[in-house]
Amino acid sequence: MDSLTTLLSDAAGGYRLTGDEAAALLRVRGRDVHRVTSAADEMRVQRAGETVTYVRNQNLHVTNICKNLCGFCGFGRKATDEGAYCHDKKGIQAQARLARDRKVTEICLLSGVHPGFTLDTFIDLIHWVHDVDPDVHVHAFSPDEVAHVAKRGGIATPEVLARLKEEGLGTIQGTAAEILVDSVRKVICPQKVPTADWVRIIKEAHRMGLRSTATIMYGSCESVADQVEHLGILREIQDETRGFTELVTLPYIHTNTPLFRQGIARAGPTGREDLLMIAVSRLFLDNFENIQVAWGKVGLKMTQLALLAGANDLAGTMFTDDVSGDAGASGSDYLDPVVMDRIVSDLGRTLRQRTTLYERV
Ligand code: SF4
């Protein structure tokens, strides 16, 4: 038996991969890619079964004005830039009404980190949505946004989280993680919270019962070793809190972003890397039940292949995603469950609608 066969069969038997082993799997080429994705697919059957899930959700854009202006982002703008906007109550509630009419179960607030926002702004946003639809699950606010309003108000982050939960927040967003390696963050998102703060805030949220997604944004400037360090941090947090609902793998969309224009980042991950990120996440994150493929970023055909490489969740209907669109993605706005069903049943699997917390609808 060669070493890859031994490693994959050990992983199938419950052996926990080391970071170096995960890195070796992320580096495979040629036919070995199939061997890794196929092992991950078998692991997916053990952990998540044959059902592919999705949530009926809608992104609600709050503002694209952002204090961070990350180099990998095509969405955030300065207040004085052309196309900058910030929706008021009327604009937010118009989007919330649309979501209610579409029978979504989750509203995901997608926003820049507006320098003027405070804890009260966040509470208003939750209330404005719940005034329209009291039952909808509000999924919002990354650790970076939590840190921002905490700093502005001179409040501790656990207090911010507790207030948001009290006021109706359902789950927080595991975004702003990008790559949890400070030397990479200094290049791709220098204004965002450093790794230690991101980890602390996400643990504080989990400990008070506010669960979150986990994310990785890969394919810009980081190395395979950085990717694995990031995944290792997520695995350790999950060991401690069990608060992550899923891992969302987010390939870097390069087209309209400063990092790419300045020649600092490459043109995003290749298809091999997309599939291996799904597969190795499935094999390495032995304490995650759900691995999600971001259809809006990889496209539908790659999404279907990712479902054969360890993924079991299709994220949501979305209805709109200016973050991916502004960075240069196409077809990232809406995925009809009918189309989801087409690619899922074509694989001989079953599509099922879920809630944000993976309960049956
Ligand atoms: S990624 Fe988020 S925080 Fe960074 S510039 Fe874009 S909107 Fe702002």
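When a ligand or atom number is given, it counts from 1 through the structure's own listing order. Residue numbers start at 1 and run along the sequence shown.
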Discussion item. Any salt bridge linking Glu246 with Arg354? Criterion: basic side-chain nitrogen under 4.0 Å from a carboxylate oxygen.
Written reply: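 Looking at Glu246 and Arg354, the cut-off is met.
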
Worksheet entry | Presence of salt bridge, Glu106 and Arg56, under 4.0 angstrom | no

Worksheet item: With no hydrogens and no angle check, is any side-chain donor or acceptor of Ser223 less than 3.5 Å from a backbone partner on Asp226?
Response: yes

Practice prompt. Report yes or no: does Asn57 contribute a side-chain atom to a donor-acceptor pair with the main-chain N or O of Ile107 at less than 3.5 Å?
Written response: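 Not a single qualifying donor-acceptor pair exists.
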
Practice prompt. For atom 6 (Fe) of ligand 1, find the nearest protein heavy atom and state the residue, atom name and distance (0.1 Å precision).
Written response: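 In this structure, atom 6 (Fe) of ligand 1 has Cys73 SG, 2.3 Å as its nearest protein heavy atom.
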
Discussion item. For atom 8 (Fe) of ligand 1, what is the closest protein heavy atom, and at what distance to 0.1 Å?
Written reply: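 Going atom by atom, the protein heavy atom closest to atom 8 (Fe) of ligand 1 ends up being Cys66 SG, 2.2 Å.
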
Worksheet item: Between Gln191, Lys192, Arg77, Glu178, which one has a non-hydrogen atom sitting closest to atom 1 (S) of ligand 1?
Response: Lys192

Practice prompt. Kindly confirm or rule out a cation-pi arrangement of Arg235 over Phe284, judged by NZ or CZ under 6.0 Å from the six-membered ring centre and within 45° of its axis?
Written response: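 Cation-pi check for Arg235 and Phe284: passes.
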
Worksheet, complete the sentence: So for Cys70 against ligand 1, with non-hydrogen atoms under 4.0 Å, the contacting part is both

Item to complete: Check each heavy atom of Leu69 against ligand 1 and say whether those closer than 4.0 Å belong to the side chain, the backbone, both or neither.
Response: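 Just the backbone.
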
Provide the number and element of each atom of ligand 1 under 4.0 Å from a heavy atom of [X].
{"X": "Gly112", "result": "7 (S)"}
{"X": "Phe75", "result": "7 (S)"}
{"X": "Phe72", "result": "1 (S)"}

Discussion item. For a quick check under 3.5 Å, do Tyr252 and Thr257 share a side-chain donor-acceptor pair by atom type?
Written reply: yes

